[in-house]
Amino acid sequence: MNIRSFLTLSRRGLLRLPAVAALPPALLHPDPLPPDPASFNFPPGFAFGVSTSAYQIEGAVREDGRGDSIWDEFCHNPCRVKGGQNANIAAGHYHHMPEDVALIADAGLRNYRFSVSWPRLFPDGGSRPNPKGFAFYDRLLDALLTKGVTPWLTLYHWDLPQALQAKGGWTSRDTAVRLAEFAYLTSRALGDRVPNWLVMNETAVHAYIGHCLGYHAPGLTGQDNWFAALHHLNLGQGMAIEALRASGAKGRIGTVAACEPIRPSSPALEDAQAAERFDAAWNGAVLEPLFFGSYPELIAADIAPHVRSGDAGIMAQPIDMLGINYYSRLNIAHNPAYPLSAYFGANPRRSPYFAGGWPIEPDGLYEILTRIQHRYSPREMFISENGFATVGTDTSGAPLDDVARISYIAQHLRFLRRAMDSGANVSGYFVWSLLDSFEWNDGMKWHFGLVAVDPVTLERIPKRSCHWYGALACAHEAMRI
Ligand code: GCO
């Protein structure tokens, strides 16, 4: 396969490569639609929430002293986002924050995962804070707590200050130290109101898609950049966890990983071996360092040049909870044109797909949860992202009646519940996402929101899924009392 022909593909495009015939509708919609929200039977205290990230929703990229991030650079110098779009406005959350918090609370949801923008808090990536940036997150935390919504704060959701990229970004070891400093100072300023800290979002995706394939910011390519970034992200995560503890943070501390079962594209031996290598670099290279301080044997020699003595002890940190982002399985084929001779390939299964998007395989959630439970026995897991995208403007008409999204969420909840019955220690589920927002190099094309955002007026319009999911959370809340 020629690498060039894939240069404009997004992560979603990669998953879509092998679109094939759909499963029979009965399997796609196992529940009557919409299923009765009270029929799910999650245990008392199970957290239902929604997730967002700063760069994808805030906009206001040049306001109140915010510095540039690698994504501003990626969107502008030159623009590498589909359709020439950028996130200068995104969902306009910076100016609509109180309304967005009210949407969460009014839906009946009691948990909100969001990220703080590093360059809004520390514009040049150093220790000089931006008071107006801190004031914004002060207001957000206060608004959430006033409305009875529990904050789950992600520290790093891919928006590295461009000033740090200029010094090498994640290919430089020093960026790990800067992350720890950012964690410490943020905790000292906001920590009194943060009950849940999540250090990273999807190390594997950021390292591979942003530093090896170049489809995401910072747009670097090649195996060496990939493994340098991967190791420094793992190291930075460990240092940041230590820094949060040293700061006296009262909240629980965890992190978020993209965990997808990796499946060979075909029964051929070389595809099976490629899938094993990719699994080691995607899932193993994030979870093994965190839980065991080591890298999987299949990639250890490749990553070794970046590892120094003592790193193992820093990377292996006890955490209170592991967030898992799950959307689908990844299908991997032998492909010598790519690092590790592995790349995305055909789907050997007849999966349904969501509009222009990813294969719908809710049983993959069962597979990954039970596998992680078995190998790592995390203290607690929660699904930090799972969601369904539609395409195009959907602020009126049928897309607002999004029963397909409801079906997607329901199917995943059924398999999640089944995994819990099989021993997976899962305590929560967060839908990606609250709002239609900036979907990285796909721009504003894909809509993951429970709430539509009019691209011109920024009016928020809850979709049917928002009401249904809120009712599900409320039904469980009621069972608790
Ligand atoms: C990611 C991120 C989110 C995405 C979501 C849908 O996984 O890429 O955590 O920022 O928007 O996954 O693609």
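All ligand and atom numbering here is 1-based and tracks the order in the structure. Everything numeric in this text was worked out from a predicted model, so none of it was measured.
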With heavy atoms of [X] as the reference, note each atom of ligand 1 found under 4.0 Å away.
{"X": "W358", "value": "13 (O)"}
{"X": "N325", "value": "9 (O)"}
{"X": "N201", "value": "2 (C), 9 (O)"}
{"X": "W432", "value": "3 (C), 4 (C), 5 (C), 6 (C), 10 (O), 11 (O)"}

Count the heavy atoms belonging to other residues, nucleotides or ligands that lie under 6.0 Å from CD1 of I89, then report whether that count exceeds 12.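 For I89, atom CD1 is not crowded (no more than 12 foreign heavy atoms under 6.0 Å).
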
E385 N/O to ligand 1 N/O under 3.5 Å
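Between E385 and ligand 1, an N or O pair is found under 3.5 Å apart.
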
(message) Please report whether ligand 1 has a polar contact with Q56, defined as an N or O pair separated by less than 3.5 Å (distance criterion only).
(response)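 Indeed, backbone or side chain, Q56 has an N or O that close.
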
Filtering R113, E439, H157 for the heavy atom nearest atom 4 (C) of ligand 1 leaves E439

Nearest heavy atom to atom 5 (C) of ligand 1, choosing from W446, F448, F388, Y327, belongs to Y327

- request: Could you walk me through whether E58 and R66 pass the salt bridge (charged side-chain N to carboxylate O under 4.0 Å, His left out) test, one step at a time?
  value: CA-CA 11 Å; E58 285 181 3; R66 180 186 176 279; 5.2 Å; no

Rounded to the nearest 0.5 Å, the CH2 atom of W170 sits from the NE2 atom of H206 at a distance of 7.0 Å

Examine ligand 1 and decide if any of its atoms is less than 4.0 Å from a heavy atom belonging to F438.
no

Applying the salt bridge (charged side-chain N to carboxylate O under 4.0 Å, His left out) test to D363, which of R418, R329, R263 qualifies?
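Result for salt bridge (charged side-chain N to carboxylate O under 4.0 Å, His left out) with D363: R329.
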
* Candidate pair D68 and R62, rule salt bridge (charged side-chain N to carboxylate O under 4.0 Å, His left out), full reasoning -> CA-CA 8 Å; D68 278 348; R62 289 275 144 69; 2.9 Å; yes

For R113, the option from T52, T150, N201, N196 that meets side chain to side chain donor-acceptor pair (under 3.5 Å):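 By the side chain to side chain donor-acceptor pair (under 3.5 Å) criterion, R113 pairs with just one of T52, T150, N201, N196: N201.
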
Given side chains that start at C-beta, do those of R464 and V403 come closer than 4.5 Å, heavy atoms only?
yes

